[in-house]
Number of protein chains: 2
Amino acid sequence: MMSKKVTITDVASTAGVSVATVSLVLSGKGRISQATSARVNQAIEQLGFVRNRQASSLRGGESGVIGLIVRDICEPFYAEMTAGLSEMFEAQGKVIFLLQSGATGKGLERCFDTLLTHGVDGIVIAGGIQHVNHSLREKAAAQGVPLICASRSGGSEGVDLVRPDNMQAAKIATEYLIRHGHKQIAYLGGLGSSLTRAERLGGFCATLLQYGLPFRSEWIIECDYHYGHAADAAESLLRRYPKISAIVCHKASVALGAYFGVLRTGNQVAGSSMDNLFQRQVALIGIEDSPELALTEPPLTSVSSSAREIGYAAARRLLLRIGGQNLETQDIIVNASIVERGSA
Amino acid sequence: MMSKKVTITDVASTAGVSVATVSLVLSGKGRISQATSARVNQAIEQLGFVRNRQASSLRGGESGVIGLIVRDICEPFYAEMTAGLSEMFEAQGKVIFLLQSGATGKGLERCFDTLLTHGVDGIVIAGGIQHVNHSLREKAAAQGVPLICASRSGGSEGVDLVRPDNMQAAKIATEYLIRHGHKQIAYLGGLGSSLTRAERLGGFCATLLQYGLPFRSEWIIECDYHYGHAADAAESLLRRYPKISAIVCHKASVALGAYFGVLRTGNQVAGSSMDNLFQRQVALIGIEDSPELALTEPPLTSVSSSAREIGYAAARRLLLRIGGQNLETQDIIVNASIVERGSA
DNA sequence: CTGAAAGCGCTAACAA
DNA sequence: TTGTTAGCGCTTTCAG
């Protein structure tokens, strides 16, 4: 079946050179003559040699492996971020270990140890960053493994943190509506306890005030992420305050719910292809993007720092640290940008 | 900063034993006395020793690493499957390399080589299995690395394939509706070219016939995955054939669209909390589950082989192969089951 | 029950 | 430009 795993030594002998030479052509370091290089490559081809990276990292330097601990890969935000990380690292010839921590700190610690044991060059922690405590950071430092966090909202110290700019996102959304002539704007969704919501709401209010628009607390509605609830909330809001012409939605699922809520009131979502003079148009804009938002008619505009972008930023930062730079820890805030789809 | 990476030798000397002994307590193999074992463990603790798995796999056997190549981690199906794989492997103390192949075969091959070079114990290919060709299989065999595919629908040979039972899922959905008294059942969604759809439709038809119900081709509607389109299709279908009392939806997004389509006709989705004698109730059941389906009111019932379950099955199979069993290649078909939520 | 010693496959000095 | 040689950190016979 499998014929004795071919090693660098085999390659060396069939190419008629020394192992060192083979190693050199493999890593492209020493200046090797075209002739030998070709001979070696041919031998490699012929024997079907595959280099053993475990052995090479054992001796020399980097393993070319990055550890990624994510709370739950099924959450679209983290999936997308993972895609971003993976893209960027693969471009550098690195590969990623994926571990799921689950919600508990215990899980995080276990994952962390596993990664260290496997000799990763660096670790990204995505989500659950509140569990990144001192002992964890110590451990990473002791092993000389750079550590970096990525998250949906703030709250860590002593570690680089990459996160979206919630405030700016809300600001952009609100500004966009105002620029399109809206003056009666509501904010829908999220629960009062959410830090992320606080940040977004801050951006919303600030922007209203900046443009001299009234800030009405009755137009700021809490609701959870269920479509049905968001739809109900949007419907009752619009029925009660018919003047409202636009809604900033706290997150993608809320925007989707609001979409159906608007339809229920007998009005149209702005940008609808079926113009109708008898129907009022309500503009909708979501914060956080999601592929689902493209599935409605009209598709829904949103503002977000793409999770993928956060992945890129985190990857870049980690690469810098792995590069040996001795950097201050810092928060890296990824800008939001608008995805225009027509609903605002 | 980092104090000279502590090795097994350091542990040995501070514990006053030989490296071999330390190795033995680490792997729990040789029968070591309680006393020395304790002494060693204490030294490990004290020094903050972390075992280097690269070194151990170099010498001995397995690396404890599984390679996973997935077409696109952002697709919820694959994300969920990945979660399943990761869970199962982590329970075995194994860790997974995650690579994204993208849609092209070229990507797959590159990923494959990367994994081999990193010395994985086995490889799972999820999606894009049509690119798993002979050369790939050869290469895996040559390295003695077991290979296994997981996918949403059939179509590979010479490799173990784990996949959902589309036909059975449709059968269960249809049967469920029939058992609940429905006789006028439509099938909505999917495009004619889809293999998956063909399988599901097969189950649908077979079940209707089995129960002596009429099979009406006008009640089988193609449409893509956009909510809006599914809603339109459902609406026009119901307006045209008011007798239809239930719809089997080809996939989650179609079910969601259909949900809103039903509402647009002025009818209710079955199970709605607001009973109203003047409204007809239309039952809805989806194939493939998705968290979104829980967000409507009433939440939508669906039938599916959970992607997670497929992940588990794939992991189990791969572990078997890694265990050295010499098995015939086989298709492993994961049963579908119903997630009752109220809409049917 | 424990220690000594020989590698696993590869890289990195140093020689040649 | 290439070969020699000494390890990387760990496991594993084989003796004690």
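In the text below, chain A, chain B and the rest are named by the order of the sequence lines, each starting its count at 1. Not measured: the values here are computed from a predicted model.
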(request) Find out whether A/I123 and A/V120 are in side-chain contact, i.e. whether some heavy atom of one side chain is under 4.5 Å from a heavy atom of the other. (result) yes

(request) Can you tell me the distance, in whole Å, between the NZ atom of B/K5 and the C1' atom of D/dC8? (result) 12 Å

(message) If I take atom NE2 in residue B/H118 and atom P in nucleotide C/dC10, what distance separates them, rounded to the nearest angstrom?
(response) 14 Å

(request) Answer yes or no: does a side-chain N or O of B/T21 lie under 4.0 Å from OP1 or OP2 of C/dG3? (result) yes

(request) Name the nucleic acid region contacted by B/V22, choosing base, sugar-phosphate or nothing; use a 4.0 angstrom heavy-atom cut-off, strictly under. (result) nothing

(message) In whole Å, I'd like the distance from the CG atom of A/L24 to the P atom of C/dT11.
(response) 9 Å

(request) Round to a whole Å and report the spacing from CD1 of B/I8 to C1' of C/dT2. (result) 14 Å

(message) So, does A/T7 get its side chain near the phosphate of C/dG9, meaning an N or O under 4.0 Å from OP1 or OP2?
(response) no

(request) Give the rounded distance in Å between these two atoms: CG of B/D10 and P of D/dC8. (result) 11 Å

(request) Tell me, please, whether A/Y312 has A/R317 positioned over its six-membered ring: NZ or CZ under 6.0 Å from the ring centre and within 45 degrees of its axis? (result) no

(request) Answer whether the closest heavy-atom distance between the side chains of A/T114 and A/L99 falls below 4.5 Å. (result) yes

(message) Heavy atoms from C-beta onward define the side chain here; which of D/dG3, C/dA5, C/dC10 lies closest to that of A/F49?
(response) C/dC10

(request) Round to a whole Å and report the spacing from CZ of A/R51 to C1' of C/dT11. (result) 9 Å

(request) Answer with base, sugar-phosphate or nothing: what part of the nucleic acid does B/S33 contact at a heavy-atom distance below 4.0 Å? (result) sugar-phosphate

(message) Below the 4.0 Å mark, does D/dT11 have OP1 or OP2 next to a side-chain nitrogen or oxygen of B/S23?
(response) yes

(request) Identify which nucleotide among C/dA5, D/dG9, C/dT11 has an atom closest to any side-chain atom of A/R59, counting heavy atoms from C-beta outward. (result) C/dT11

(message) For B/V17, is there any backbone N or O sitting under 3.5 Å from a side-chain donor or acceptor partner on B/T21?
(response) no

(request) Report yes if at least one side-chain N or O of A/T36 is closer than 4.0 Å to OP1 or OP2 of D/dT2; otherwise report no. (result) yes

(request) Could you check how far CG of A/L58 sits from P of C/dT11, rounded to whole Å? (result) 11 Å

(message) When you measure from the side-chain N and O atoms of B/R53 to the phosphate of D/dG9, is any distance below 4.0 Å, counting only OP1 and OP2?
(response) no

(request) Give the C-alpha distance, both sets of side-chain angles, the deciding distance and a yes or no for side-chain hydrogen bond (donor to acceptor under 3.5 Å, both in side chains) between B/D121 and B/S63. (result) CA-CA 6 Å; B/D121 293 336; B/S63 63; 3.1 Å; yes

(request) Starting at atom CG of A/N52, determine the distance to atom C1' of D/dC10, rounded to an integer number of angstrom. (result) 14 Å

(request) By nearest nucleotide on DNA chain D, pick out whichever of A/V19 and A/A35 is the more 5' one. (result) A/A35

